[in-house]
Number of protein chains: 2
Amino acid sequence: MHALPAEFALIARHFRPLAGEGALGLGDDAAVLAVPAGRELVIAADAIVAGVHFLPDDPPDLVARKLLRTNLSDLAAMGAAPLGYLTTVSVPKDTPDAWFAGFAAGLAADQAAFGLHLLGGDTTSTPGPVSLSLTILGTVAAGCAVRRAGALAGHGIWVSGTIGDGALGLLAATGRLDDPTGCLAGRYRLPRPRLALGLRLHGVAAAAMDVSDGLVQDLGHLCRAGGVAAEIEAACLPLSDAARAAGPALLMRCLTGGDDYELLMAVAPENEAALQRAAIETNIAATRIGHFRAGPPHVTVRDPDGAALRIGAGGNDHGGWSHFA
Amino acid sequence: MHALPAEFALIARHFRPLAGEGALGLGDDAAVLAVPAGRELVIAADAIVAGVHFLPDDPPDLVARKLLRTNLSDLAAMGAAPLGYLTTVSVPKDTPDAWFAGFAAGLAADQAAFGLHLLGGDTTSTPGPVSLSLTILGTVAAGCAVRRAGALAGHGIWVSGTIGDGALGLLAATGRLDDPTGCLAGRYRLPRPRLALGLRLHGVAAAAMDVSDGLVQDLGHLCRAGGVAAEIEAACLPLSDAARAAGPALLMRCLTGGDDYELLMAVAPENEAALQRAAIETNIAATRIGHFRAGPPHVTVRDPDGAALRIGAGGNDHGGWSHFA
């Protein structure tokens, strides 16, 4: 397409070293790869924009790793193993070479950590903010993908890891919340896709997704997909020490804020032991925070007295926690 | 991620009707699909930005179709058949619903025309210009992908269709060239991916790619991939009637301008009859414009007297045709 003046040199210098099997050295019109027999392809794509999804002065290696990891989190939610990715990079014409070097270094680090490689993509100029997209490819044993639909009344609601660190981390990263250890900002900048646990979910979780838009909103998706209602106990929410230290006034933000990239699962009572075993063996916490019940799709969050918290309309506006209902 | 306020409604209204097998109604974290036994996956991604790759006031249905078709052209060059696609759409917050409706209508029209469907993607806001990406998936019989490497000295250089209409069409679309029939601007706005011919190239073309950055620059890629030099005859260049009417002063633009989306092929003499048969049967013109010869990778364009035309450095700057060398 309309190349940056130095597009080919940029690609050769920074991206070709990331290319693996099937990428054909990024020198053809497309990548060609075999999906192993008995496996299905799992594929998803995300776009992120500077000033919307990340801070314009975030280090490019962290931007790259977050972009890759948020997509890996989608694979984890489907119970898939990573295979490869394509990325498109639209940047201002005066973007320094060091930005590309940092971006590629971040990808290289996480390729090694998660076992996948670059398959292709595109680099172009933009008069606007840095705009990135990433398409992730994974595989799953045929018929074994974990879906969002499947939650039944009586299933437990489980989450991996801790909830709310990403949303509090955004506050910390923008100077609106004390974060003496830096671990909240770290969780915002660098999600931890729960791939190892995801690989154990087939036959264990009746439904799953990743929590990226806020627990309450995303749990609403599981409810709609399963045709059930959800009840969660605020007191059961797994909070990190840092989130706990931030104080109870921020609980609603933990419930409705985004950027958790934890797994949200519906688990039948007879499979809870298997889930706990998987959690121990993968060294990823799994916590039961409530249950699904019959009823129209709706999420209720109860305080320790059993009263329903009032949740603001739309999980993403961070509003609405005016009082206990 | 950080959703547009009405993101879910937008997706349901405009994009879900485009989703096909494996897309899971766009309701899961990823699509899941089987690649048929004996087939390999072919995958590529492009990004386009308003004001860089298309005109900000281009109708959204044509923008969508061009985005899809330029990617389909990459499949054609690999000899692959279309399977599906993912698209990411970053648009200003005040983008009217009609823009999405038009964009989706364009995708719908070309899904039907080319036999593929939407598998997933992302919709997000941007403070900058409309930024789009598309990842295309196709399949090819295992081991039968057509590659860029493979041109040998003595192979003919062939192109499909006509060359230069896209570059002249950009001039026409921006009011810099008369285009009484509108067919040049039409070629710029709506490429014609040569999928039917591409499907016939395995065993016929020793190497192929699509012409998107200008014939001379892209032929240089085939030369480097094959370790050969190329000689083409300006007089053999297949020009449309409209390009011919634009006059010989624009020949250099036809040779170096972008947006052709035709196939460029290296064909051994013993396979030329098979290529011509494929061209006739698919109703896509194929023209021999020169040959590869031994020598360091380099493209020479000769005028009818056999003199080498001087080509500007970098095919995309449209410059350099100062005189006959």
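Nothing here was measured: the structure is a model prediction, and the numbers come from that model. Chain A is the first sequence line, chain B the second, and so forth, proteins listed ahead of strands; every chain is numbered from 1. All values below were derived from every heavy atom in this structure, side-chain atoms included, with hydrogens, water molecules and symmetry-related copies excluded.
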Please give me the minimum heavy-atom distance between A:P129 and B:P127, naming the atom from each residue. CG-CG, 4.0 Å
Interchain contact, B:M209 with chain A, by part (heavy-atom threshold 4.5 Å): both
Step by step, work out the side chain to side chain contact (heavy atoms under 4.5 Å, CB included) result for B:H221 and A:D29. CA-CA 11 Å; B:H221 292 310; A:D29 289 275; over 6 Å; no
Under 3.5 Å, side chain of A:R147 to main-chain N/O of B:D28, donor-acceptor pair present? no
Region of B:V146 that comes under 4.5 Å of a non-hydrogen atom in chain A: backbone
Tell me, side chain or backbone of A:A80 under 4.5 Å from chain B's heavy atoms, or both, or neither? neither
Under 4.5 Å to a heavy atom of chain A? For B:L86 that would be side chain
Contacting region of B:L75 [heavy-atom separation from chain A under 4.5 Å]: neither
When the 4.5 angstrom heavy-atom criterion is applied to A:V32 and chain B, the contacting part is both
Is B:A145 close to chain A through its backbone or its side chain, or both, or neither, when contacts mean heavy atoms under 4.5 Å? side chain
By salt bridge (charged side-chain N to carboxylate O under 4.0 Å, His left out), which residues pair with A:R187, not counting sequence neighbours? A:D165, A:E262
Among B:T126, B:I48, B:V49, exactly one meets side chain to side chain contact (heavy atoms under 4.5 Å, CB included) together with A:T126. Which residue is that? B:V49
Under 3.5 Å, is there a donor-acceptor pair between the side chain of B:D122 and the main chain of A:A47? yes
For B:V35, which atoms come within 4.5 Å of any heavy atom of chain A: side chain, backbone, both, or neither? side chain
